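The model shown is predicted, which means the values in this text are computed figures rather than measured ones.
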Amino acid sequence: MEAGRPLVMAVKDPTVVERTNLLNMAKLSIKGLIESALSFGRTLDSDYPPLQQFFVVMEHCLKHGLKVKKSFLGFNKTIWGPLEIVEKLCPEAEEIAASVRDLPGLKTPLGRARAWLRLALMQKKMADYLRCLIIHRDLLSEFYEYHALMMEEEGAVIVGLLVGLNVIDANLCVKGEDLDSLVGVIDFSMYLKNEDEDLASEERNGQIAAILDQKNYIEELNRQLNGTISNLHARVDSLEKSNTKLVEELAIAKNNIIKFQEENHQLRNENTLILRKTQHHLEATKVDIDAELQTYKHSRQGLDEMYNEARRQLREETQLRQDVENELMVQVSMKQEIELAMKLLEKDIHEKQDTLIGLREQLEDVKAINIEMYQKLQVSEDSMKQKNVIIDRLEEKTNQITATMKQLEERAELETDLKIEKEWRQAVQDDLQKERETVTQLRTETQQINGLKNEFLKVQDENKQMRTICHEQEQALQDLANKLSESKLKIEDIKEANKALQGQVWLQDKEASHCKLCEKEFSLSRRKHHCRNCGEIFCNSCSDNELPLPSSPKPVRVCDTCHALLLQRCSSHLA
């Protein structure tokens, strides 16, 4: 150089140099990891050296430009802070973060960050999670400086390179590894290669390109299969809705049948109660009727004897009465004759009185003329004597009439005796009437018993009608069960088609008559259920578990053995 000219040297920014170096190291580690994994068989474990170097390089990339934060114990500089906010940006990362927090052997934030990277690689979501983190630069600015690798374009390039790691299957044991005390040192000897290795790398690149093409083709087939699976899921959902409707209708029918059965049971209980009551009532009435009949027979015998005696006395009394009536008729005829004679006598007396009045008048006239009428006075005295004789006769007749009247009064006393006998006979007739009333009452009670028998027959007819209705309801329930079984068969056929697409064979409903686990026989109350994992048929109690499967993101029905196996497998994967 000439002495007078100043020495001009191009001085680069050291942070830019650090970013480019880290980017190159990330490219080399990712490329070497993919090539070695393809040659090794794709399944990697935690002791594989290229995989360990990859995690060391990723740790250095994430630490570049990290801000130092103050805490109570001093200054803290860790990559767990930005990785922890990924679960807020991407909900799928919540499971990883929760698993990292639950690991018992991790005590430092750096150990948690290393465990998070390993779980993200096993989940094949590392590129997606870091892409969500790079997009939100406002959140990253709280943890990184403005010139950090994650804040520049190099971070986006590294995230794009991480997509190629999705072809690798890693089986890492995070639980037993001491991630807190690991020393992250990059081993550059792994990336020093000769010409032969370059040729092998070109061949490997060709193989990687072919594998990536195959991967794209498989992904396209997977998309088509996912489309058909989504259509089948939609059909299955519609069939499940119809199935739920049928189940609701079946439940309503079952409730109606239960109500009818309860009503039938109540009617049967009431029927038995009525039967018992009627039987008790019939027995009681029968005993009462027997006792009353016995007493009636005894009383009837006594009454018959009394009735015969009374009838005999009545006949005698009737004969006496007939005689007395004949005598009374004779007396009445005599009385009528006497009355007629009395009337004639009264007429004669009235006439005589008239004649006496006339005679008195004449005597008054005669007193005036005593002399002239002296002879007539003597004649009148004779006539008066004759009249007195007639009056004496009339008095005798009246005495006779009074005697006859006394005889009639004695006969009236006989009539009072007859009245007493009539009253006694009336009392006997009243007793007979009472006995007739008891007989009619017994007849009414027998009619009531017949009415109770008719009501019992009616209740039996209603019970028969209820049994026919129950039989019809059971027939309708059987039809609903047949329809439900047909719909379930259609659903199972669709699910079997879905499983056939996924390479799984389901057991036919006809091939299973007992539960595979508890070996109980299937019936209307114990229905058949397929396990979505193994395809076998179980009862409800042996397959009431639900877990998400690779074929279905939603929780589906699995049997007890598959449930325990899947939980054990999931726990082993998480470990």
Side-chain angles (χ1 to χ4, degrees), residues 91 225-264 469-567:
L225 288 173
N226 286 327
T228 56
I229 287 168
S230 62
N231 293 325
L232 288 172
H233 278 304
R235 291 177 64 187
V236 168
D237 291 333
S238 64
L239 288 172
E240 284 180 352
K241 289 179 182 177
S242 63
N243 189 11
T244 52
K245 289 181 181 178
L246 289 172
V247 169
E248 290 175 356
E249 292 177 357
L250 181 62
I252 292 168
K254 284 183 179 179
N255 291 325
N256 291 326
I257 287 169
I258 290 167
K259 288 180 182 177
F260 286 131
Q261 288 177 354
E262 290 177 354
E263 291 177 357
N264 191 6
I469 292 167
C470 184
H471 182 68
E472 291 174 357
Q473 291 292 330
E474 287 178 354
Q475 190 67 31
L477 181 61
Q478 187 68 30
D479 296 335
L480 284 173
N482 292 328
K483 290 181 182 179
L484 182 61
S485 62
E486 289 175 0
S487 63
K488 284 199 76 175
L489 286 173
K490 291 180 182 178
I491 292 168
E492 296 298 333
D493 291 336
I494 292 167
K495 290 182 179 179
E496 284 174 5
N498 187 8
K499 294 294 180 179
L501 289 172
Q502 297 174 0
Q504 188 175 0
V505 179
W506 282 46
L507 187 65
Q508 296 291 331
D509 286 341
K510 297 178 181 178
E511 296 176 1
S513 61
H514 294 77
C515 177
K516 187 178 179 181
L517 193 58
C518 65
E519 295 183 355
K520 291 182 180 178
E521 189 177 1
F522 294 115
S523 62
L524 284 174
S525 60
R526 188 178 289 107
R527 307 305 300 272
K528 297 178 181 179
H529 299 282
H530 276 87
C531 175
R532 270 53 175 183
N533 188 42
C534 63
E536 296 291 336
I537 296 176
F538 302 87
C539 63
N540 187 26
S541 61
C542 296
S543 61
D544 57 352
N545 307 301
E546 288 185 355
L547 280 178
L549 298 175
S551 61
S552 175
K554 294 181 180 179
V556 293
R557 184 186 290 272
V558 293
C559 63
D560 292 339
T561 55
C562 292
H563 183 260
L565 184 62
L566 290 170
L567 287 177

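In this structure, N243 and L239 have side chains that are not in contact, with every pair of non-hydrogen atoms separated by 4.5 Å or more. Using a 4.5 Å heavy-atom cutoff, the side chains of L547 and H563 are in contact. Contact annotation: the side chain of D509 approaches that of H530 to within less than 4.5 Å [non-hydrogen atoms, C-beta and beyond].
Nearest heavy atoms, H529 versus S543: CB-OG, 3.6 Å.
Residues that satisfy the side-chain contact (heavy atoms from CB on, under 4.5 Å) test with Q261, not counting sequence neighbours, are I257. Applying the side chain to side chain donor-acceptor pair (under 3.5 Å) rule to S525 yields the partners S523; only residues at least two apart in sequence or on another chain are considered. With sequence neighbours excluded, no residue forms a side-chain contact (heavy atoms from CB on, under 4.5 Å) with E472. Annotation: side-chain contact (heavy atoms from CB on, under 4.5 Å) contacts of E511 (sequence neighbours excluded): L507, Q508.
From E263, atom CD reaches atom CD1 of I258 across 12.5 Å, with rounding to the nearest 0.5 Å. Taken from OG1 in T244 to NZ in K241, the straight-line distance is 8.5 Å, to the nearest 0.5 Å. To the nearest 0.5 Å, atoms CG (N545) and CG (L566) are separated by 10.0 Å.
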Which side-chain N or O atoms in residues 512-522 pair as donor and acceptor under 3.5 Å with protein atoms at least two apart or in another chain?
none

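Screening residues 538-562 for salt bridge (charged side-chain N to carboxylate O under 4.0 Å, His left out) gives no qualifying pairs among residues at least two apart or on separate chains.
Between the side chain of N255 and the backbone N or O of A251, at least one donor-acceptor pair lies under 3.5 Å. Proximity of a side-chain donor or acceptor of N264 to a complementary backbone N or O of F260 within less than 3.5 Å is not detected.
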